[in-house]
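To keep things clear, I will list the structure first and then write my remarks on it.
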Amino acid sequence: MTTLLERRKVAPPGVTRRRPPTRRWLRTVTPLALLAAWEGGVRGGLLDPDKLPAPSTVLETGWRLAAEGTLGGYLLDSVERAVLGLLIGGLLGLALGTLAGLVRLGDDLVDPTVQMARMLPHLGLVPLLIIWVGIGESLKVTLVALGAFFPIYLNTYSGIRNIDERLVEAARTCGLTALERVRHVVVPGALPSLFLGVRLAFAAGWLSLVVGEQVNGQGGLGFMMMEAREFSQTDVVVLGLVAYALLGLLSDLLLRLGERRLLAWRHGLKAR
């Protein structure tokens, strides 16, 4: 006689339900189909290879630049800028979001200004930032930091404010100090929203880096793409875009793995 859990195919409490291996492969079907269509379109003459080279050509170019050591150097430059900008913008957003979320005075002093500032497109501030910080490394790191700041601030603030106040009152009734309430109630309650903010911050950071590295860049994937454009090397330009996409995908995958590990206690609705 089957149990209710077996009939509903729901994992027992405390057991993480894993996606079957066959289901994991389904996630690769659409990207592989698009790549095949792209390759076939170029080979069949439907797409101009001078404007959009085939994936095989882009792969050959990447292999050649990697063997020369050029691609690795550009990748390292971009990753260093992204990490530095994300750390600066992320830590600042986390600190101010926590202050505005927990302290009434912080909310009054910080949140209105941030809400007004976030309405400005930070990539539209490039001309002003060039005047302020120049066109060197500071511009690129600043753009990434601005891109990362707002998603982390907003999701930290929202995650704290959406915690059920009854849980905080229950913790206070049980004798927990303010720091203990933050540790045992506020932090676990805000973590899901914070992880979402970090994922959005990474996406905005990579987008900002693309723009920053194309402004008088010296090294980095954006510089490689701009230099290739001067010589009409479309395969190198597409390679740069693919590299940005893979870096963004890898960072998002690592964040999802970290989220799954740190939030193993959360049992949300899963797709069937």
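Computation of the quantities below employed the complete heavy-atom set of this structure, encompassing side-chain atoms and omitting hydrogens, waters and symmetry-equivalent molecules. These figures come from a predicted structure and were not determined experimentally.
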Measure the spacing between OG1 of T61 and CD of Q233 and express it to the nearest 0.5 Å.
-> 8.5 Å
Going by heavy atoms in the side chains, are F223 and D77 under 4.5 Å from each other?
-> no
Would you say L209 and L143 make side-chain contact, with heavy atoms under 4.5 Å?
-> no
When rounded to the nearest 0.5 angstrom, what is the spacing between CG in L154 and CZ in R118?
-> 5.0 Å
Measure the CG-CG distance between D48 and D50 for me, rounded to the nearest 0.5 Å.
-> 4.5 Å
Before giving the answer on side-chain contact (heavy atoms from CB on, under 4.5 Å), spell out for Y157 and L96 the whole-Å C-alpha distance, their side-chain angles and the decisive distance to 0.1 Å.
-> CA-CA 8 Å; Y157 179 86; L96 292 180; over 6 Å; no
Exam field: side chain N162 to backbone S158, donor-acceptor pair closer than 3.5 Å = yes
Are L84 and L146 joined in one hydrophobic group, where the rule is that I, L, V, M, F, W and Y side chains link up if heavy atoms are under 4.5 Å apart?
-> no
Atom CG of L250 and atom CG of L246: how far apart are they, to the nearest 0.5 Å?
-> 8.5 Å
Any side-chain heavy-atom pair from W132 and T142 closer than 4.5 angstrom?
-> no
Within the distance-only criterion (no hydrogens, no angle test), does the side chain of S78 pair as donor or acceptor with the backbone N or O of L75 below 3.5 angstrom?
-> no
Is the closest side-chain donor-acceptor distance between R64 and T70 under 3.5 Å?
-> no
Under the side-chain contact (heavy atoms from CB on, under 4.5 Å) rule, what do V236 and M224 come out as? Steps first, then yes or no, please.
-> CA-CA 8 Å; V236 179; M224 179 187 75; 3.7 Å; yes
State plainly whether one hydrophobic cluster holds both L65 and L247, where clusters connect Ile, Leu, Val, Met, Phe, Trp and Tyr through side-chain heavy atoms under 4.5 angstrom apart.
-> yes
P53 backbone acceptor or donor facing W38 side chain under 3.5 Å = yes
Would you call E227 and E230 a side-chain contact if the rule is heavy atoms closer than 4.5 Å?
-> no
Do F195 and N155 come close enough that some side-chain heavy atom pair is under 4.5 Å?
-> no
Sub-3.5 Å donor-acceptor pair from the side chain of T156 to the main-chain atoms of L194, do we have one?
-> no
Has E165 got more than 12 heavy atoms of other residues, nucleotides or ligands less than 6.0 Å from its CD?
-> no
Are the side chains of M119 and F150 in touch, meaning some heavy atoms are under 4.5 Å apart?
-> no
Would you say the side-chain atoms of K51 pair up with the backbone N or O of L47, donor to acceptor, closer than 3.5 Å?
-> no
Would you confirm whether R181, through its side chain, and V168, through its main-chain N or O, come within 3.5 Å as a donor-acceptor pair?
-> no
Kindly work out whether a path of hydrophobic side-chain contacts (I/L/V/M/F/W/Y, heavy atoms less than 4.5 Å apart) joins L92 to L200.
-> no
Heavy atoms, side chains only, cut-off 4.5 Å: are L221 and L71 in contact?
-> yes
Would you say V185 and L262 are hydrophobically clustered, going by side-chain heavy atoms of ILVMFWY under 4.5 Å?
-> yes
Side chain D252, main chain G248, donor-acceptor under 3.5 Å = no
Check P55 against E39 and note the closest heavy-atom contact, atom names and distance.
-> CD-OE1, 3.0 Å
More than 12 heavy atoms of other groups within 6.0 Å of L179 CG | no
Check V182 against P188 and note the closest heavy-atom contact, atom names and distance.
-> O-CD, 4.4 Å
L105, V114: one ILVMFWY side-chain cluster at the under-4.5 Å cut-off?
-> yes
Could you tell me whether R172 and E169 have a side-chain N and a carboxylate O separated by less than 4.0 Å?
-> yes
Please report the shortest heavy-atom distance between W206 and S251, naming the atom on each side.
-> NE1-OG, 3.4 Å
Quick one: closest heavy-atom pair of A148 and P151, and the distance?
-> O-CD, 3.4 Å
Regarding E213 and Y244, is there a side-chain donor-to-acceptor distance under 3.5 Å anywhere?
-> yes
Could you go through the side-chain hydrogen bond (donor to acceptor under 3.5 Å, both in side chains) check for S56 and R43 one step at a time?
-> CA-CA 10 Å; S56 57; R43 300 287 183 183; 2.9 Å; yes
State, to 0.1 Å, how close V141 and R81 come at their nearest heavy-atom pair, and which atoms those are.
-> CG2-O, 4.4 Å
Straight-line distance of F202 CZ to L207 CG, nearest 0.5 Å = 14.5 Å
Exercise: identify the closest heavy-atom pair between V144 and G205 = CG2-O, 3.7 Å
Any chance you could measure L102, atom CG, to I163, atom CD1, to the nearest 0.5 Å?
-> 8.0 Å
Is there side-chain contact between S208 and L123, with heavy atoms separated by less than 4.5 Å?
-> yes
